[in-house]
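Written out below as C-alpha cells is the structure these notes cover.
What you are looking at is a predicted structure, and each value in this text was computed from that prediction instead of being measured.
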Amino acid sequence: VKTAANVGSLSSSARYMHHISEIRQALADSPEEQSLNNELVNTCNDVLQQIEEDVFSTYRFVSETYAERFPELEPLISNRTTYIKVVQRIGNEGDVTSLKLNDLLTAKQIMLISVSISTTSGQPLSPEKLRYVQAGCADILSLEEDRALVLSYLERAMLLIAPNLCALIGSHLTAQLLSVTGGLEGLVKVPACNIQVLGQERRTLLGLSGHSTLAHAGILSRCDIVDLAPPEHKQKMVKTVAAKVALLGRVDYSHFLSAPRSHKNLQSEPGLVNDNEGQRMRKEILEKLAKLQEAPKARTKKALPVPD
C-alpha cells in the first residue's frame with residue numbers, strides 16, 4: 001500500500017513552504033508597499049506547475065485506491081475537487097442518503113450516486129487504506145488552497161506584467177492562462193487554436209444533458225465577452241478572443257522585455273501600465289458581436305429589366 005508521504009512531496013518541502021510564506025507576505029503588504037517582484041512572479045509559475053503535478057499524482061492515487069470501494073463514482077463527477085470532497089464524506093458508508101452532499105452536487109447527481117452505490121461491485125476499504133485515502137484528500141485540498149493563494153498574487157501582478165491581456169479578458173483569467181502556459185514567454189509560443197482549449201475540463205454526460213457546455217473551449221469560455229454572446233455565437237467569440245489573446249500576449253511580452261519592472265512600486269509609476277491595445281481590441285470584438293446580433297437587412301425590391 002502506498003503512503004500519502006511518497007505520493008506527493010510538496011507538503012514536506014521546506015523550499016515550497018518558503019515560497020508560500022513569501023507570497024502570503026506579499027499579499028499582506030499595504031497598497032503603498034505593493035511592488036512587482038519578477039523573481040517571485042517566475043517562482044509563482046514554477047510553484048503552480050509543481051502543485052499541478054503533485055495534485056495529479058495524489059489524485060490518481062486516491063481515485064485508484066478508492067475504486068476498490070466505489071469504482072462507479074469517478075465517472076459520475078467530472079470536477080476533480082468535487083470528487084475529492086465527496087470521497088472524504090462518503091468514505092466506507094454504504095448509504096449516502098444520510099450524508100449532506102447537496103452543497104457539492106446537484107439533485108440528479110446525488111440520485112445517480114445513491115443508485116450506483118447500492119449496486120456497486122466494490123468492497124469497503126481496510127482502515128489503513130481508508131486512512132491513506134483521507135490523507136491524500138486532505139493534501140489535495142490543502143494544495144488547492146495554496147493554488148488559489150498563488151493565483152490571487154498573480155492576479156495583482158498581471159496588471160503590470162500583461163496590462164493588455166487584463167484589459168481584454170481580466171486579471172483573473174490572465175493569471176490562469178499564464179499559470180497553465182508557464183508565464184508570458186510560454187504563452188507567446190502557443191498558437192491561437194491551442195490557446196482556445198487551454199484549461200479544458202473533462203465532460204461526462206451519463207444521461208445528463210451537456211448541451212450548454214462549449215466544445216473545444218477552456219479558460220477563455222469563462223470570459224465576460226463570451227458570456228455576453230448568445231448561444232449561437234459563443235463558439236465564434238471564443239475563437240476571436242483566442243486570436244486576440246495570442247496577439248496581445250506578444251505585445252505585452254515585447255513591452256515587458258524592453259522595459260523590465262523589477263521591484264517597482266505599483267502606484268508610483270502608473271505610466272508604465274499601457275493597455276491601449278487591449279482596450280482597442282476589446283472594443284473591436286464587442287462591435288463585432290453587436291453586428292452579429294443585428295437583424296438581417298430586408299431584401300430590396302428591384303424592378304425587372306427593360307425587355308428587348
Side-chain angles (χ1 to χ4, degrees), residues 78-79 106 108 151 154-156 158-181 184 186-205 207-256 270-271 273-307:
S78 59
N79 185 272
T106 63
K108 292 181 179 179
L151 283 175
L154 284 179
E155 283 179 36
R156 195 183 69 183
M158 287 306 104
L159 295 174
L160 282 181
I161 296 175
N164 290 291
L165 283 175
C166 291
L168 179 64
I169 60 175
S171 60
H172 180 66
L173 295 186
T174 301
Q176 290 186 352
L177 273 181
L178 297 195
S179 68
V180 171
T181 57
L184 267 179
L187 179 64
V188 299
K189 298 176 183 178
V190 182
C193 58
N194 291 349
I195 292 176
Q196 176 184 341
V197 297
L198 287 176
Q200 186 176 11
E201 294 181 353
R202 177 170 61 89
R203 292 186 302 155
T204 178
L205 294 181
L208 305 178
S209 174
H211 180 69
S212 61
T213 307
L214 281 178
H216 309 297
I219 294 172
L220 294 182
S221 64
R222 300 190 288 273
C223 176
D224 60 336
I225 296 177
V226 179
D227 289 338
L228 291 173
E232 63 271 17
H233 296 311
K234 284 186 182 294
Q235 197 69 48
K236 183 178 291 185
M237 284 296 103
V238 171
K239 291 181 179 179
T240 304
V241 172
K244 299 300 184 184
V245 165
L247 292 174
L248 292 177
R250 290 165 173 80
V251 172
D252 284 331
Y253 186 57
S254 63
H255 289 171
F256 188 74
V273 181
N274 185 345
D275 59 354
N276 294 338
E277 282 298 313
Q279 296 287 358
R280 182 181 65 81
M281 290 190 180
R282 180 181 176 86
K283 184 178 178 181
E284 285 181 4
I285 296 176
L286 291 176
E287 289 176 353
K288 180 179 180 180
L289 177 60
K291 193 168 184 178
L292 285 172
Q293 299 180 71
E294 289 179 356
K297 294 182 179 179
R299 297 181 60 182
T300 57
K301 294 182 180 181
K302 296 183 179 179
L304 293 174
V306 179

What closest approach, in Å, do [X] and [Y] show between heavy atoms, and which atom pair accounts for it?
X: K189; Y: P191; value: O-CD, 3.7 Å
X: L154; Y: A175; value: CB-CB, 3.9 Å
X: A242; Y: A192; value: CB-O, 3.6 Å
X: I195; Y: L220; value: CG2-CD1, 3.8 Å
X: R222; Y: D227; value: O-OD2, 3.9 Å
X: L178; Y: L184; value: CD2-N, 4.0 Å

| Under the side chain to side chain donor-acceptor pair (under 3.5 Å) test, which residues partner H172, sequence neighbours left out? |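 If we apply the side chain to side chain donor-acceptor pair (under 3.5 Å) test to H172, skipping adjacent residues, the hits are E155, Q176.
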
| Quick one: side chain to side chain donor-acceptor pair (under 3.5 Å) partners of N276, sequence neighbours excluded? |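 Per chain and number, N276 pairs via side chain to side chain donor-acceptor pair (under 3.5 Å) with N274.
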
Rounded to the nearest 0.5 Å, what separation is found between the [atom1] atom of [X] and the [atom2] atom of [Y]?
X: S221; Y: M237; atom1: OG; atom2: CE; answer: 14.0 Å
X: T240; Y: I285; atom1: OG1; atom2: CD1; answer: 6.5 Å
X: L173; Y: L198; atom1: CG; atom2: CG; answer: 12.0 Å
X: Q235; Y: H233; atom1: CD; atom2: NE2; answer: 13.0 Å
X: L159; Y: C166; atom1: CG; atom2: SG; answer: 5.0 Å
X: T174; Y: I161; atom1: OG1; atom2: CD1; answer: 10.5 Å

| Side-chain (N164) to main-chain (L248) donor-acceptor, under 3.5 angstrom |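 No, N164 side chain to L248 backbone: no donor-acceptor pair under 3.5 Å.
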
| query | Counting only N and O atoms by type, is there a donor-acceptor contact under 3.5 Å from the side chain of D252 to the main-chain atoms of L165? | reply |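 Yes, D252 side chain to L165 backbone: donor-acceptor pair under 3.5 Å.
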
| said: Using the salt bridge (Lys or Arg N to Asp or Glu O under 4.0 Å) criterion, which residues pair with D224? Sequence neighbours excluded. | reply: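 If we apply the salt bridge (Lys or Arg N to Asp or Glu O under 4.0 Å) test to D224, skipping adjacent residues, the hits are R282.
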
Would you mind writing out the side-chain donor-acceptor pairs for residues 288-304 within the sub-3.5 Å range, not counting sequence neighbours?
{"unit_1": "Q293", "atom_1": "NE2", "unit_2": "L289", "atom_2": "O", "d": "3.3"}

| field | salt bridge (charged side-chain N to carboxylate O under 4.0 Å, His left out) contacts touching residues 241-251 (sequence neighbours left out) | value |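 Output for this query lists K244-E284.
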
